[in-house]
Amino acid sequence: MIAFVSGPVAALAPDSAVVEVGGIGIAVQCTPTTLSGLRMGRPTKLATSLVVREDSLTLYGFVDDDERQVFELLQTASGVGPRLAQSMLAVHSPDALRRAVATGDEKALIAVPGIGKKGAQKLLLELKDRLGEPVGAPAVGAPISQGWRDQLHAALIGLGYATREADEAVTAVAPQAEAADGPPQVGRLLKAALQTLNRAR
């Protein structure tokens with residue numbers, strides 16, 4: 001198993017990054033939140049999980065070992081594959097998922113694309129004794145309300161967009177951020193900003 005990859009970031013895309021390891025470019029599937037912390041040419045270290053299928057080998061990358069562990073635990077629930085597990089981590093931090101499962105918060109799981117009411121109820125039952133208790137205070141790992149503009153702007157620049165394009169995209173998603181129920185999630189805003197930029201091109 002490949003436990004982590006470490007090296008300079010050679011390429012960035014909306015859902016993946018390429019990390020140069022010993023002269024080889026390793027493609028790693030990442031959430032928007034993870035990608036927002038990466039910069040072209042800068043060194044990075046990502047915890048990874050290798051998913052083996054008959055016709056493919058896919059490496060998923062995470063900010064730390066805790067996120068990777070939750071990614072793997074989520075897949076022990078029936079009907080949860082790597083893509084859905086990654087979607088859950090794109091919407092919620094590991095601790096937010098632990099809190100949702102511990103408190104039976106259906107709405108938190110339904111907020112994940114691909115999970116309906118019945119699916120959420122099933123997941124809450126199956127994951128109850130698997131994810132464990134939240135490891136940090138509620139604020140730890142939670143979306144940051146202050147500075148989301150700077151985070152989003154930096155992430156877009158890191159993905160290769162011009163400053164003007166990044167400015168316009170941040171302005172375009174500002175109403176969505178301000179209307180959010182609770183602190184805005186940079187990962188979701190990055191997805192919305194990329195959709196805006198793709199439409200503009």
Exercise. Show the numbers, then the answer: is there a side chain to side chain contact (heavy atoms under 4.5 Å, CB included) between Arg130 and Val101?
Key: CA-CA 9 Å; Arg130 299 182 194 179; Val101 171; over 6 Å; no
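- Salt bridge annotation for Arg164-Asp167: absent, with no cationic side-chain nitrogen under 4.0 angstrom from a carboxylate oxygen.
- Side chain of Glu165 to backbone of Ala162: a donor-acceptor contact under 3.5 angstrom is found.
- Taken from OH in Tyr60 to OG1 in Thr48, the straight-line distance is 12.5 Å, to the nearest 0.5 Å.
- Residues Leu74 and Leu124 fall within the same hydrophobic cluster, defined by Ile, Leu, Val, Met, Phe, Trp and Tyr side chains chained together at heavy-atom separations under 4.5 Å.
- In the hydrophobic cluster analysis, where Ile, Leu, Val, Met, Phe, Trp and Tyr join through side-chain heavy atoms closer than 4.5 angstrom, Phe4 is grouped apart from Ile24.
- Gln69 places none of its side-chain heavy atoms less than 4.5 Å from the side chain of Pro94.
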Quiz prompt | Audit row: Thr44, Val5, side chain to side chain contact (heavy atoms under 4.5 Å, CB included) steps and yes/no | solution = CA-CA 8 Å; Thr44 189; Val5 293; over 6 Å; no
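- Of all heavy-atom pairs spanning Ser36 and Leu190, the tightest one is CB-CD2, 4.5 Å.
- Looking at Glu67, its side chain never comes within 3.5 Å of a backbone N or O of Leu89 through a donor-acceptor pair.
- Here the side chain of Thr196 pairs a donor or acceptor atom with the backbone of Ala192 at under 3.5 angstrom.
- Closest approach of Gly41 and Pro8 over heavy atoms only: O-CB, 3.9 Å.
- For the pair Ala108 and His92, the tightest heavy-atom approach, listed with the atom from each and the gap, is O-NE2, 2.6 Å.
- Residue Asp15 holds its CG atom at 12.0 Å from OG1 of Thr34, rounded to the nearest 0.5 Å.
- Separation of atoms CG (Asp95) and CG (Asp66) is listed at 7.0 Å; rounding is to 0.5 Å.
- Minimum interatomic distance between Ala77 and Leu127 (heavy atoms only, all atoms of both residues): CB-CD2, 3.9 Å.
- Interatomic distance, Leu73 CG to Arg68 CZ, rounded to the nearest 0.5 Å: 11.5 Å.
- A 6.0 Å sphere centred on CZ of Arg83 holds no more than 12 heavy atoms belonging to other residues, nucleotides or ligands.
- Under the 4.5 Å side-chain heavy-atom criterion for Ile, Leu, Val, Met, Phe, Trp and Tyr, Leu131 and Leu125 are members of distinct hydrophobic clusters.
- A 4.5 Å side-chain heavy-atom check between Ser93 and Val70 finds every atom pair outside the cut-off.
- One finds the OG1 atom of Thr31 at 13.5 Å from the CE atom of Met88 (value rounded to the nearest 0.5 Å).
- No continuous path of hydrophobic side-chain contacts links Val63 to Met40 [ILVMFWY only; heavy atoms under 4.5 Å].
- In this structure, OG in Ser16 is found 11.5 Å from CG in Leu59, a value given to the nearest 0.5 Å.
- In this structure, Asp65 and Ala47 approach most closely via the heavy-atom pair OD1-CB, 3.5 Å.
- Taking the side chain as every heavy atom from C-beta outward, Leu46 and Cys30 approach each other to under 4.5 Å.
- Of all heavy-atom pairs between Ala17 and Leu38, the closest is CB-CD1, 3.7 Å.
- The main-chain N or O of Gln86 is never found under 3.5 Å from a side-chain atom of Gln29 such that the two would form a donor-acceptor pair.
- By the criterion of side-chain heavy atoms lying less than 4.5 angstrom apart, applied directly or through intervening Ile, Leu, Val, Met, Phe, Trp or Tyr residues, Leu84 is not grouped with Ile110; the two fall into different hydrophobic clusters.
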